[in-house]
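Counting from 1, the numbers follow the sequence of the chain as shown.
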Amino acid sequence: MIDPHAKLALESIATVGGRGTKFNYTTGAVTLRNYIQRKEGFKSEFHHCYGALIVEVDEDGHWWVRQLNGDSAGTIYDLNVMAHRGVVVECPYGETYVEAMNFGDTHVDEIDKEIKEATWGPGGVVDMLRPKYQIHNDLIDFHRRSHHAQKDTFKMFKRFVQGRECVETEVRDVLGFLLETQRDFSETVVVDANHNRHIAGWLNGTDARHDPINAYYWSHLLSRVYAYQRDNDGAEPILLELAIRELADATLRVKFIDSNTSFVICKDCGGGIECGLHGDRGPNGARGNIRSFARMGRRTNTGHSHVACICDGAHSAGTKSKLRLEYNDGPSSWSHSDIVTYVNGKRAILTYYAGKAWA
Ligand SMILES: [Fe+2]
């Protein structure tokens, strides 16, 4: 559903049986700001957006919607096109209009192969948009020994049947994914996220001495963490980074962000956009919630929920994983959605259908 409204918003509506998430969009407006100068007027004026939606429908009935959002200079970006004062300029070869892509949560071990191909395959979204930053949330799924599954005999037996039990293999696959998807034109950034931290739960809360396939790697990684702490005044490492870097050589170029470090893009555009938050942790120890992020002083691009959303300055991406995993039985509003942030700090959410992010 598309509603005309002066504010840009997006809500994902759950459906049953894999029918595809329903989306409610608003458009933004082309009318000038004209608000009463009182509290509600000030708020509405702040969120008044000069914008529109582009809707594409192909001959098979697949549809794509993305936001156009004009900045204070009247410039509008859309993928690799810029419009300014009535002139449309295609991005020159080798340059980019895209500051960052905040991908839907990556979950390498559970990634949807078609979406991976559409994003990083030859001629895919990343090579076409050439984002300066590729930002990953929940990079590792930690499917093989997640604490969510450890006490469920059927889920663990499924891992045995499918031969997906070795944690070291999963970490090596993540390294392979990083090497495959890194690009000369962009910096890969990995945000601290709850699935990345499942490694901590595994090292801390399980005794893998009775898990032969993982016993060596578990004790090896544990000793590596102790060694790091011993040499760093007790500080805890970013566990995924520690695990990845010991397997990697100098060809890997990636930046890991810890949970209390800010990572702001487009700093010169309206105060920038915080990308260092995964979305699971909200202010003051509360659970993360897009509405609480919308009340923060700075705009945010987050992940975690797997649910695409635009709530004022807070944007949430979807997921790169399959849309049905072990932990979202029942109605679901997950979607394959990425946040694209242009160089002027304006954003759009791209949702993939039929293996494509646009028609
Ligand atoms: Fe996730």
Side-chain angles (χ1 to χ4, degrees), residues 1-5 7-28 51-69 78-79 101-121 123-126 128-129 135-138 141 143 195 279-280 288-291 301-311 314-341 347-359:
M1 185 172 76
I2 295 175
D3 267 327
H5 195 279
K7 200 159 138 170
L8 261 186
L10 162 59
E11 281 191 0
S12 302
I13 310 296
T15 57
V16 181
R19 290 189 57 222
T21 295
K22 186 184 162 201
F23 293 99
N24 289 345
Y25 294 90
T26 64
T27 53
L53 299 174
I54 284 195
V55 181
E56 300 178 295
V57 184
D58 73 5
E59 59 275 14
D60 298 321
H62 299 299
W63 52 269
W64 295 263
V65 179
R66 58 183 184 270
Q67 293 75 19
L68 300 178
N69 193 349
D78 178 45
L79 306 178
M101 285 190 72
N102 289 70
F103 301 116
D105 285 9
T106 314
H107 292 273
V108 170
D109 210 34
E110 294 279 34
I111 201 163
D112 183 310
K113 299 270 182 330
E114 185 183 61
I115 300 302
K116 181 187 171 197
E117 185 67 13
T119 311
W120 291 283
V125 171
V126 164
M128 186 170 158
L129 299 185
I135 302 175
H136 291 283
N137 280 270
D138 277 344
D141 185 83
H143 174 80
H195 275 257
D280 56 325
N289 176 300
I290 190 138
R291 278 168 186 78
N301 287 347
T302 56
H304 184 57
S305 64
H306 298 189
V307 175
C309 186
I310 298 176
C311 176
H315 284 43
S316 170
T319 185
K320 292 287 187 204
S321 72
K322 289 163 247 170
L323 292 180
R324 190 61 79 183
L325 296 182
E326 286 173 343
Y327 45 92
N328 73 328
D329 284 337
S332 171
S333 52
W334 290 12
S335 65
H336 292 132
S337 304
D338 298 334
I339 307 168
V340 171
T341 304
R347 293 169 286 181
I349 291 188
L350 304 183
T351 296
Y352 297 66
Y353 292 100
K356 295 193 289 186
W358 51 80

In Å, rounded to the nearest 0.5 Å, how long is the span from [atom1] of [X] to [atom2] of [Y]?
X: Ser337; Y: His306; atom1: OG; atom2: NE2; result: 11.5 Å
X: Ile135; Y: Thr106; atom1: CD1; atom2: OG1; result: 11.0 Å
X: Asn69; Y: Asp78; atom1: CG; atom2: CG; result: 11.5 Å
X: His195; Y: Ser321; atom1: NE2; atom2: OG; result: 9.0 Å
X: Ile111; Y: Glu117; atom1: CD1; atom2: CD; result: 11.0 Å
X: Asp141; Y: Asp109; atom1: CG; atom2: CG; result: 6.0 Å

Q: Answer yes if the side chains of Asn301 and Thr341 hold a donor-acceptor pair under 3.5 Å, and no otherwise.
A: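 Present: a donor and an acceptor within the cut-off.
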Taking C-beta and beyond as the side chain, do [X] and [Y] meet within less than 4.5 Å on heavy atoms?
X: Thr351; Y: Tyr353; result: yes
X: Asn24; Y: Asp3; result: no
X: Ile13; Y: Met1; result: no
X: Leu323; Y: Asp112; result: no
X: Glu56; Y: Lys356; result: no
X: Ile310; Y: Gln67; result: yes
X: Asn137; Y: His304; result: no

Identify the heavy atoms of [X] and [Y] that sit nearest to each other, and give their distance.
X: Asp60; Y: Asp58; value: N-OD1, 2.9 Å
X: Ser316; Y: Ile290; value: CB-CD1, 3.6 Å
X: Asp329; Y: Leu325; value: OD1-O, 4.2 Å
X: Ala308; Y: Ser12; value: O-OG, 2.5 Å
X: Leu8; Y: Gly28; value: CD2-N, 3.9 Å
X: Trp63; Y: Tyr25; value: CZ3-OH, 4.2 Å

Q.
Exactly one of Val340, Ile54, Val125, Leu350 should register a side chain to side chain contact (heavy atoms under 4.5 Å, CB included) with Leu79. Which one does?
A.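 Single pass found, and it is Leu350.
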Okay, side chain of [X], backbone of [Y]: is any donor-acceptor separation there less than 3.5 Å?
X: Thr21; Y: Trp334; value: yes
X: Thr26; Y: Lys7; value: yes
X: Thr319; Y: His336; value: no
X: Asn289; Y: Arg291; value: yes
X: Asp105; Y: His107; value: no

Q.
Other residues, nucleotides and ligands only: do more than 12 of their heavy atoms fall within 6.0 Å of CZ on Arg324?
A.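 Yes.
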Q: Could I get the full list of salt bridge (Lys or Arg N to Asp or Glu O under 4.0 Å) partners for Asp338, not counting sequence neighbours?
A: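 Asp338: salt bridge (Lys or Arg N to Asp or Glu O under 4.0 Å) contacts with Lys320.
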